[in-house]
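Accompanying notes for the structure given below.
Just so it is clear, the structure is predicted and the values come from calculations on it, not from any experiment.
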Amino acid sequence: MAHPRIQAVVVGAGMIGSVHATAIRSVGATVRGVVGSTPSRSAALADEWDVPVRYPDLDAVLADDAVDVVHICTPNSLHADQAAAALRAGKHVICEKPIATSLADAQRLASAAAEADRTLAVPFVYRYHPLVREIRARRMNGEFGAWQLLHGSYLQDWMLDGGTGNWRVDAVSGGPSRAFADIGSHWCDLVEWVAGVRFHEVTARLGITRPERPAGGGTTFGARGEANGAGRLRPVTTEDVATILLRTADGILGSLTVSQVSAGRKNRLWFELDGADGSAVFDQENPESVWLGDAGGARLVVRDPNQGSAEQRRLATLPAGHAQGYADCFRAFVDDAYAAMAGRRPEGLPTVADGVRSAQLVDAVLRADAGLTWTSVEPSSVKDTKELSA
């Protein structure tokens with residue numbers, strides 16, 4: 001679906017900002033502008049990205065009535081305030097996760113979206129692999145039976161080198177959780193959505209493998225949007241690795257291993273769902289096929305626009321054997337988000353409610369690690385934090 005009337009602005013110009021810009025253009029919308037960490041950076045990016053309007057800062061974007069949607073791709077600590085400001089200005093929002101670095105702020109952002117009557121979508125884009133949709137459809141058709149065990153991992157190695165620094169290491173900029181909030185949240189969102197479950201309680205252990213890392217690490221944003229310096233070492237307070245046990249309200253057990261220091265693993269989100277009648281395995285680094293097992297054996301099912309569920313066929317935009325991947329997922333997510341902004345209801349679009357759910361899980365994992373016990377994912381009350389700034 002083309003969206004030629006949509007005028008979008010990307011706030012934040014790192015790797016993920018450029019991914020958003022590519023996806024915006026691929027669905028026929030216009031990247032109207034880009035905002036970097038400083039006015040001079042924004043001007044340089046406007047030239048580099050070849051956008052029609054130069055914005056010195058976010059305030060200028062929000063004052064422009066021609067802007068339909070703001071894509072928030074800044075450091076985590078800025079998400080909630082920037083997204084809330086955009087909503088109050090009447091803009092739709094696509095906000096990178098986590099949508100806030102505290103559960104209370106995530107819940108307030110959801111309220112802001114409801115009050116503004118605007119769409120706030122969250123890029124849990126792994127939902128958009130066609131074969132993820134195929135597994136979900138087969139679950140909904142009862143193919144796997146009652147779940148027995150849900151397990152998997154999300155492994156990367158980009159923080160393996162002790163000389164690697166990044167704003168995500170700083171708990172002020174990145175939030176109190178790093179590896180789980182950054183990538184474990186993707187696994188939990190995917191498994192809950194595909195398997196049709198909701199994790200009720202968790203117990204977790206978080207680990208730091210590099211007690212010190214360089215400050216800054218060449219990031220374009222600091223805690224308040226300023227450029228950071230690099231070179232000095234600082235203590236690391238956010239986790240490199242995590243192991244989590246999960247349990248649904250009706251007793252289904254799950255396990256998850258998360259790492260940003262697993263050598264050779266670039267972006268390996270992997271899950272296995274084991275049911276009474278069958279099992280399913282998905283590996284994000286090999287998304288063109290899924291493993292299905294039952295008592296009689298195992299088989300591979302490949303992505304094919306002429307086979308399988310309606311959603312698998314909708315998202316399989318290339319013929320079988322012509323590989324699709326992450327960029328295709330992101331394009332499909334932005335396409336659905338823009339469709340929702342036009343009043344349609346796309347299947348499986350992750351919204352602000354899913355962002356709040358992710359914040360609940362991050363909060364529970366942190367509390368579980370601190371208390372060394374099984375911890376409810378949805379506590380009866382949430383301690384308030386700062387108000388979102390006006």
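With contacts defined as side-chain heavy-atom distances shorter than 4.5 Å, the pair V169/M159 qualifies. With contacts defined as side-chain heavy-atom distances shorter than 4.5 Å, the pair E378/R357 qualifies. Annotation: side chain of D274 is in contact with side chain of H151 (closest heavy-atom distance under 4.5 Å).
For T237 against A171, the heavy-atom pair with the smallest separation is OG1-CB, 3.7 Å. When every heavy atom of L256 is checked against every heavy atom of S153, the shortest pair comes out as CD1-CA, 3.8 Å. When all heavy atoms are compared, the tightest approach of Y338 to H71 is OH-NE2, 2.8 Å. When all heavy atoms of A204 and A368 are compared, the pair lying nearest together is N-CB, 3.7 Å. Summarising the geometry of A46 relative to R54, their closest heavy-atom pair is CB-CG, 3.8 Å, with the distance given to 0.1 Å. The two residues L315 and Q324 have their closest heavy-atom pair at O-NE2, 3.1 Å.
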Practice problem: Take D64 and R32, measure what salt bridge (Lys or Arg N to Asp or Glu O under 4.0 Å) needs, and give me the verdict at the end. | Solution: CA-CA 11 Å; D64 185 354; R32 184 173 176 83; 2.9 Å; yes
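Interatomic distance, K91 NZ to D65 CG, rounded to the nearest 0.5 Å: 5.5 Å. Within the model, atoms OG1 of T238 and CZ of F180 stand 14.5 Å from one another, a figure rounded to the nearest 0.5 Å. For the atom pair D182 CG and W158 CH2, the distance stands at 6.5 Å (nearest 0.5 Å). S262 contributes atom OG, which lies 10.0 Å from atom CZ of R268 (distance to the nearest 0.5 angstrom).
Using modelled atom types, one side-chain atom of D369 and one backbone atom of L206 make a donor-acceptor pair closer than 3.5 Å. Judged purely by atom type and a 3.5 angstrom limit, T375 uses its side chain to pair as donor or acceptor with the backbone of T373.
Of the candidates V258, L190, L155, L269 forms a side-chain contact (heavy atoms from CB on, under 4.5 Å) with just one, namely L190.
Annotation: D117, atom CG; neighbour count of heavy atoms from other residues, nucleotides and ligands within 6.0 Å does not exceed 12. For CZ of R205, the number of neighbouring non-hydrogen atoms (other residues, nucleotides, ligands) closer than 6.0 Å is greater than 12.
Note: the hydrophobic cluster containing W49 also contains I16 (ILVMFWY, side chain heavy atoms under 4.5 Å, direct or indirect links). Tracing side-chain contacts under 4.5 Å through hydrophobic residues (I, L, V, M, F, W, Y), one reaches Y128 starting from V301; they form part of the same cluster. Criterion: ILVMFWY side-chain heavy atoms under 4.5 Å apart, direct or through other members. Under it, V261 and I244 are not part of a common hydrophobic cluster.
There is no side-chain donor-acceptor pair under 3.5 Å between Y326 and N267. If you check the side chains of D335 and H3, you find a donor sitting under 3.5 Å from an acceptor.
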